[in-house]
Peer 1: 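Below is a structure I'd like to ask you about.
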Amino acid sequence: MPQTLQLERVSPGLSAEEFFSKYVSKRRPVVLTGLLDDPSFQGRKWGNLDYLAGKAGNVEVMVEPMHPTANQYGTDVERVPTTFGNFLKSLRNDEGPYPYLTTQYADEDPDAETVFPPPTNALKDEFPAVPRIMGNLFLQQVNLWLGKSKDGSSSGLHHDFHDNIYCLLKGRKRFVLFPPSEIQHLDPYGTLDVLHPNGLIVYEDIPVRADGLSKRLACKARVRALEHKIDALKARSKGKGKAKSYSKEMKALMDAHDAALDELAEVALDEELEGDDEVDDFDALMGDLDELEDGGAGPSRKGGDDDPEEEEEEEEWKGIGHSDEDDDENGANDDGHEEEDSEEGEDEDAMLGEERGAPSEPSSFSRIPTAYLHQHLGLSTTAALPPTFSSADFPGLKNTTDPYVVELSEGEMLYLPASWWHEVTSTSPGDSTGGDAVHMAFNYWFYPPDALDNFEAPYQDTLVWDYLRKNGVGASESRGEVAERAQTGKRARESVGGEGSKRAKR
């Protein structure tokens with residue numbers, strides 16, 4: 001039986017610069033022994049379910065039932081629509097199993113997915129848009145995770161594509177952690193394309209840069225950034241004589257703009273020739289950038305105008321690197337890290353993605369059954385092995401480095417860099433038959449930094465990221481004074497998985 005390691009535990013009062021230097025830049029997970037210290041953070045109130053119902057009870061959400069035989073979440077069980085208030089009432093029933101609230105997305109309404117999905121959109125006045133300690137990272141999404149399990153329920157072993165700050169508000173969470181490099185032993189559903197120096201795992205069906213942006217998105221952002229620079233130069237020179245320096249600067253910008261358009265066309269052509277039907281998610285991201293204005297906290301601001309030179313039809317965003325092949329193979333309707341609708345007639349093993357045929361799981365999930373992982377590490381488990389299980393099918397597990405096992409308690413946080421593998425077992429406090437005896441967490445996902453030596457500018461492509469930031473924050477807005485603007489962009493899914501793949505359950 002392998003040994004298990006313990007994570008360092010530090011105060012959440014560290015400065016953002018020190019936190020970046022010691023943990024974010026080193027891609028080191030760490031436990032923070034308290035919750036966010038931002039004055040706007042009111043998450044401690046949410047442990048009172050009556051309070052939550054009063055704030056967000058009328059919001060429509062989708063919840064996931066527990067799989068009837070695997071006895072875990074993170075499967076293909078179809079989600080159920082309900083109001084957040086009715087979901088909260090269901091958690092007060094005497095008997096389980098109870099449904100689970102995970103990341104929200106909607107197939108029917110592309111605009112329903114946003115940086116602040118329900119019910120967080122009804123709670124956004126009670127948390128900072130970007131916590132102080134996360135410095136200059138760029139916000140991708142926030143989520144509320146809520147369920148009830150006396151004996152513990154598992155997420156399945158997987159990784160995310162964004163940096164995660166995970167705030168445990170109620171209950172207990174046990175994390176099993178492996179570094180991204182252990183992908184060779186953890187048998188993912190996806191086929192590895194590249195492991196970026198910052199640890200971001202990229203699969204062949206999810207081709208993204210080290211900063212989490214697709215090539216096409218980055219190309220379009222570069223085109224628009226240069227157009228804004230050209231317009232700004234024209235405005236500064238209006239009414240003035242065209243000096244030689246102006247002509248030289250304008251020529252350089254125009255040449256760069258032409259080159260950016262050529263690169264965008266080349267990327268689009270390559271995708272078409274390779275049969276890559278990746279959804280163009282730039283307009284979705286730019287729409288989300290409009291959502292942050294004055295009142296929250298943090299630098300992740302989103303906004304932007306439609307590209308005047310791009311007249312192509314805007315497609316529904318289903319995730320960074322999403323391929324429509326996922327839809328064809330899986331017949332799925334859902335989201336990025338979580339569940340998908342299973343086809344009628346599939347057996348339970350196929351629904352759980354344990355068969356070696358066409359995968360029903362997203363690329364970032366491991367094929368290793370949760371129950372086997374727990375048995376291998378000598379951990380308690382409520383998960384069940386598949387009927388056809390054989391340990392010989394997963395020889396790599398015995399060759400991994402020793403994992404971290406983290407017992408996270410109520411009122412603590414976990415920082416997890418992008419692509420760190422994790423299996424999470426969630427347990428309600430005390431007597432789970434009590435009214436408010438739930439497990440609850442709130443998390444932020446951030447685009448993974450790839451300029452790891454630069455706290456002020458943690459993304460290498462400064463032209464693209466400066467443009468994204470500046471078009472989300474007005475010149476008079478300071479960091480820490482940004483709140484949500486009205487959402488305008490289309491976005492059907494969170495930007496990691498594809499339609500037909502499951503979102504991670506925590």
Peer 1: Run the side-chain contact (heavy atoms from CB on, under 4.5 Å) test against Asp125 and tell me which residues pass, sequence neighbours left out.
Peer 2: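 Checked Asp125 against side-chain contact (heavy atoms from CB on, under 4.5 Å); matches are Lys55.
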Peer 1: Mind checking what makes side chain to side chain donor-acceptor pair (under 3.5 Å) contact with Asp461, not counting sequence neighbours?
Peer 2: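 Partners of Asp461 by the side chain to side chain donor-acceptor pair (under 3.5 Å) criterion, ordered by chain and then number, come out as Arg209, Arg222.
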Peer 1: Is the positively charged end of Lys124 above the ring of Phe116, judged by distance under 6.0 angstrom from the centroid and angle within 45° of the axis?
Peer 2: no
Peer 1: Among side-chain atoms of Asn198 and Asp450, is any donor-acceptor pair under 3.5 angstrom?
Peer 2: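 Result is no, nothing qualifies.
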Peer 1: For Trp420, check ring-ring contact (aromatic ring centres under 6.0 Å, His included) against everything at least two apart and list the hits.
Peer 2: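 Testing Trp420 for ring-ring contact (aromatic ring centres under 6.0 Å, His included), a comparison that skips the adjacent residues, returns none.
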Peer 1: According to side-chain contact (heavy atoms from CB on, under 4.5 Å), who are the partners of Glu60, at least two apart in sequence or on a separate chain?
Peer 2: Thr83
Peer 1: What pairs with Ser90 under side-chain contact (heavy atoms from CB on, under 4.5 Å), at least two apart in sequence or on another chain?
Peer 2: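 Once residues adjacent in sequence are excluded, the partners of Ser90 under the side-chain contact (heavy atoms from CB on, under 4.5 Å) criterion are Phe87, Asn93, Pro99.
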Peer 1: Under the side chain to side chain contact (heavy atoms under 4.5 Å, CB included) rule, what do Val30 and Leu7 come out as? Steps first, then yes or no, please.
Peer 2: CA-CA 6 Å; Val30 65; Leu7 278 186; 5.7 Å; no
Peer 1: Side chain to side chain donor-acceptor pair (under 3.5 Å) with Ser366: which residues, sequence neighbours excluded?
Peer 2: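 Residues passing side chain to side chain donor-acceptor pair (under 3.5 Å) with Ser366: none at all.
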Peer 1: Go through the structure and list residues passing ring-ring contact (aromatic ring centres under 6.0 Å, His included) with Phe178, not counting sequence neighbours.
Peer 2: none
Peer 1: Please name all residues satisfying ring-ring contact (aromatic ring centres under 6.0 Å, His included) with Phe84, sequence neighbours left out, ordered by chain then number.
Peer 2: none
Peer 1: My understanding is that only residues two or more places apart in sequence, or in another chain, count here; which of them pass ring-ring contact (aromatic ring centres under 6.0 Å, His included) with Tyr23?
Peer 2: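 Once residues adjacent in sequence are excluded, the partners of Tyr23 under the ring-ring contact (aromatic ring centres under 6.0 Å, His included) criterion are Phe19.
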Peer 1: Between Pro180 and Trp421, which heavy-atom pair has the shortest distance, and what is it?
Peer 2: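 Reported closest heavy-atom pair: O-NE1, 3.7 Å.
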Peer 1: Are His158 and His422 close enough that their ring centres sit under 6.0 Å apart?
Peer 2: yes
Peer 1: Using the test side-chain contact (heavy atoms from CB on, under 4.5 Å), find all partners of Arg172 that sit at least two apart in sequence or belong to another chain.
Peer 2: Thr427
Peer 1: Of all residues at least two apart in sequence or in a different chain, which pass the side chain to side chain donor-acceptor pair (under 3.5 Å) check with Asp163?
Peer 2: Arg27, Tyr415
Peer 1: Does the distance from a Lys or Arg side-chain N to an Asp or Glu carboxylate O, for Glu8 and Arg28, drop under 4.0 Å?
Peer 2: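 Yes, this pair counts.
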Peer 1: Per the salt bridge (Lys or Arg N to Asp or Glu O under 4.0 Å) rule, what does the pair list look like for residues 398-407, sequence neighbours excluded?
Peer 2: none
Peer 1: Tell me if the aromatic rings of Tyr372 and Phe389 count as close, with their centers under 6.0 Å from one another.
Peer 2: yes
Peer 1: Can you tell me how far OH of Tyr203 sits from OG1 of Thr191, rounded to the nearest 0.5 angstrom?
Peer 2: 9.5 Å
